Amino acid sequence: MADTDPAGPVLDRDEVDRALARLGAEHEAIETSLLALQDHAGRRLLEGAQLTGLTAERWKATEASITLLWTCFDAYTDALRTARDIRSRRRWSSREDLAELTELLRGEPVTLAGGATAAVGATAPHGGHPNRLSERYSLAALVDQMNELYATSLDMVVAADAVWSALPARIDLLAAELQRTSRLAHSVGVRPGEHPAGDDLERITRTLTKLREQVVSDPLAFWKPAEGSSAPGGGRPDTTVYDREARALEDVRREIDAVLTVRQDAEKRIVRLRDVLSRADRTLAEARTARGEVLAKIAATEVPVVSGPPTALQEQLSTAAEYRRHAQWHRLSPLLESLEQKAEDELLRARESLTAVTAPLAVRAELRGRLDAYKAKVARHGLAEDPLLVERYEKARRMLWSAPCDLRAAERAVLRYQQAASEQLGTAPRVPGQSGPDDRRGPGA
């Protein structure tokens, strides 16, 4: 120790005692921290894990740091024990004892192999070169070295432990939910290659399996250090991939819920579709019957042709029933939506066909009503026996009540009767196409 001069004068007994007390407190604190690091769950997991990637690289350096940390601590313990032994020789230490203690407490009494510090990138004291065979340390420098090694080691251990504590459990919960969703999807026919949601479930399964393997073997790859934080373990687990897959699974669950809704309402919707199409068929059948009646009763008019029931809709309805029997709900859902709109359109078309076909009968009925209305008016005015009116009435009536009825000729006959009646009554003739007379106030009106 004679080749190292302690900085400053020789310490007196009180200064030595205070220094030993401070060093003893530091020794106790460091030992407590080292034992806590030794027992840390994250460190035990790292020791037994099959590590890869960044974590394997960092753990190799951290293991060397922890080994060096214990080496430094042992050297520190030996130096402190030596100092305590010297101080305990005498109650009142001699000048030689105080000089030796001063060199221990203020000098550089600890020598470490340079290769050990270089292996972990530890800082050599006084800017020494890390490739030297050995480095000498003061107790204060040794404490700084241990603090640095402890902080970097703890940071790595805490980060890995935080990722392992957060992500694998969450991934397992999401995987369990994924399995339940997959079983439900399979029950309603949502399968890979048949439905996009089935493909999504398969992709999510592969991603979660790979993610869990990566998290277990390389947790530091999923760690985000806190910016500007120097505290060990400052940061948080990176859950970007997990969050993305959780959102994707939620989207699939909503799709499955939609398919389940179709399964619950499918029977009612199919029954309702059958009813709508049946009404459309009955209406078309009525239109075809009416067309035959019109062709038999009305002449000199064009009657539109009535098409038959759409076989394509019936085939699609049969397909929908087949999908329901085989629980292919994902295919049934869009088919029902399309069929419901087409069925309503078909019913509307059938009703329009019936209206178009029966239009000539409606015209004949309107002419009959107009003729009878003018006859009643003429009778109220005492002109029922007028020969001209009787002749024109009978001619119009024969046309309207005979089959087939020529609507154009009948309409002209009704108009002539209307004109004759108006002349006899002294009123203006009604414009063709208007309804029957509305003057019911008598001759003096």
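Worth saying up front: this structure is predicted, and the values here are computed from it rather than measured. The first residue in the sequence is number 1, and the count goes up from there.
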Okay, side chain of [X], backbone of [Y]: is any donor-acceptor separation there less than 3.5 Å?
X      : Y      : answer
Tyr76  : Leu23  : yes
Arg58  : Leu220 : no
Ser138 : Ala141 : yes
Ser338 : Pro334 : no

query = For residues 349-361, which residue pairs qualify under salt bridge (charged side-chain N to carboxylate O under 4.0 Å, His left out), counting only residues two or more places apart or in two chains?
reply =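 Qualifying pairs, neighbours excluded: Glu346-Arg349.
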task = Give every residue pair that meets the salt bridge (charged side-chain N to carboxylate O under 4.0 Å, His left out) criterion with at least one member in residues 19-31, sequence neighbours excluded.
result =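 Non-adjacent pairs meeting salt bridge (charged side-chain N to carboxylate O under 4.0 Å, His left out): Arg22-Glu26.
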key: Criterion salt bridge (Lys or Arg N to Asp or Glu O under 4.0 Å) against Glu245, the qualifying member of Arg203, Arg170, Arg206   =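 Running salt bridge (Lys or Arg N to Asp or Glu O under 4.0 Å) over Arg203, Arg170, Arg206 with Glu245 returns exactly one hit, Arg203.
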Determine whether [X] and [Y] make a side-chain contact, defined as any pair of heavy atoms from C-beta on separated by less than 4.5 Å.
X      : Y      : value
Arg370 : Leu367 : yes
Leu249 : Leu201 : yes
Leu46  : Trp164 : yes
Arg364 : Leu361 : yes
Arg212 : Pro168 : yes
Ile66  : Leu34  : no
Leu211 : Ile171 : yes
Gln50  : Ser217 : no

[X] [atom1] to [Y] [atom2] distance, which is reported to the nearest 0.5 Å:
X      : Y      : atom1 : atom2 : result
Leu174 : Thr181 : CG    : OG1   : 8.5 Å
Glu177 : Ser182 : CD    : OG    : 9.5 Å
Glu337 : Leu332 : CD    : CG    : 10.0 Å
Asp265 : Leu336 : CG    : CG    : 9.5 Å
Thr205 : Lys210 : OG1   : NZ    : 14.5 Å
Glu340 : Leu335 : CD    : CG    : 9.5 Å

Should [X] and [Y] count as an ion pair when the cut-off is N to O under 4.0 Å?
X      : Y      : result
Glu322 : Arg325 : yes
Arg254 : Asp251 : yes
Glu250 : Arg247 : no

Which heavy atom of [X] sits nearest a heavy atom of [Y], and at what distance?
X      : Y      : result
Leu139 : Ala79  : CD2-CB, 3.6 Å
Tyr150 : Ser33  : CE1-O, 3.5 Å
Ala343 : Leu273 : CB-CD2, 3.7 Å
Ala162 : Trp223 : CB-CZ3, 3.5 Å
Arg44  : Gln38  : CG-O, 4.4 Å
Ile256 : Ala185 : CD1-CB, 3.6 Å

request  = With sequence neighbours left out, write down each residue that passes salt bridge (charged side-chain N to carboxylate O under 4.0 Å, His left out) with Glu15, or none if nothing qualifies.
outcome  =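 Glu15 satisfies salt bridge (charged side-chain N to carboxylate O under 4.0 Å, His left out) with no residue once adjacent residues are dropped.
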query = Quick one: side chain to side chain contact (heavy atoms under 4.5 Å, CB included) partners of Asp372, sequence neighbours excluded?
reply =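 Counting only residues at least two positions away or on another chain, Asp372 forms a side chain to side chain contact (heavy atoms under 4.5 Å, CB included) with Tyr393, Trp401.
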task = Go through Arg291 and Thr358 one step at a time and tell me if the side-chain contact (heavy atoms from CB on, under 4.5 Å) criterion holds.
result = CA-CA 7 Å; Arg291 185 173 187 273; Thr358 56; over 6 Å; no
side-chain contact (heavy atoms from CB on, under 4.5 Å), paired with Leu149, selected from Leu68, Asp144, Thr62 =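 With Leu149 as partner, Leu68, Asp144, Thr62 yield a single side-chain contact (heavy atoms from CB on, under 4.5 Å), made by Leu68.
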request  = Apply the test salt bridge (Lys or Arg N to Asp or Glu O under 4.0 Å) to residues Asp281 and Arg274: give CA-CA distance (whole Å), side-chain angles for both, the deciding distance (0.1 Å), then the verdict.
outcome  = CA-CA 10 Å; Asp281 290 348; Arg274 287 199 182 103; over 6 Å; no
query = Does one side chain, of Thr55 or Asp218, offer a donor that lies under 3.5 Å from an acceptor on the other?
reply =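 Present: a donor and an acceptor within the cut-off.
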query = Who are the side chain to side chain donor-acceptor pair (under 3.5 Å) partners of Thr207, not counting sequence neighbours?
reply =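 Partners of Thr207 by the side chain to side chain donor-acceptor pair (under 3.5 Å) criterion come out as none, since no residue qualifies.
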task = Kindly determine whether Thr77 and Arg81 satisfy side chain to side chain donor-acceptor pair (under 3.5 Å), including the steps that lead there.
result = CA-CA 6 Å; Thr77 302; Arg81 183 185 302 111; 5.8 Å; no
request  = Tell me, with the steps shown, if Asp161 and Arg43 meet salt bridge (Lys or Arg N to Asp or Glu O under 4.0 Å).
outcome  = CA-CA 8 Å; Asp161 185 57; Arg43 190 199 65 80; over 6 Å; no
Distance-only criterion, 3.5 Å: show the donor-acceptor pairs between side-chain atoms of residues 311-319 and protein atoms not counting sequence neighbours.
from, atom 1, to, atom 2, distance (Å)
Ser318, OG, Gln314, O, 3.0
Thr319, OG1, Glu315, O, 3.0

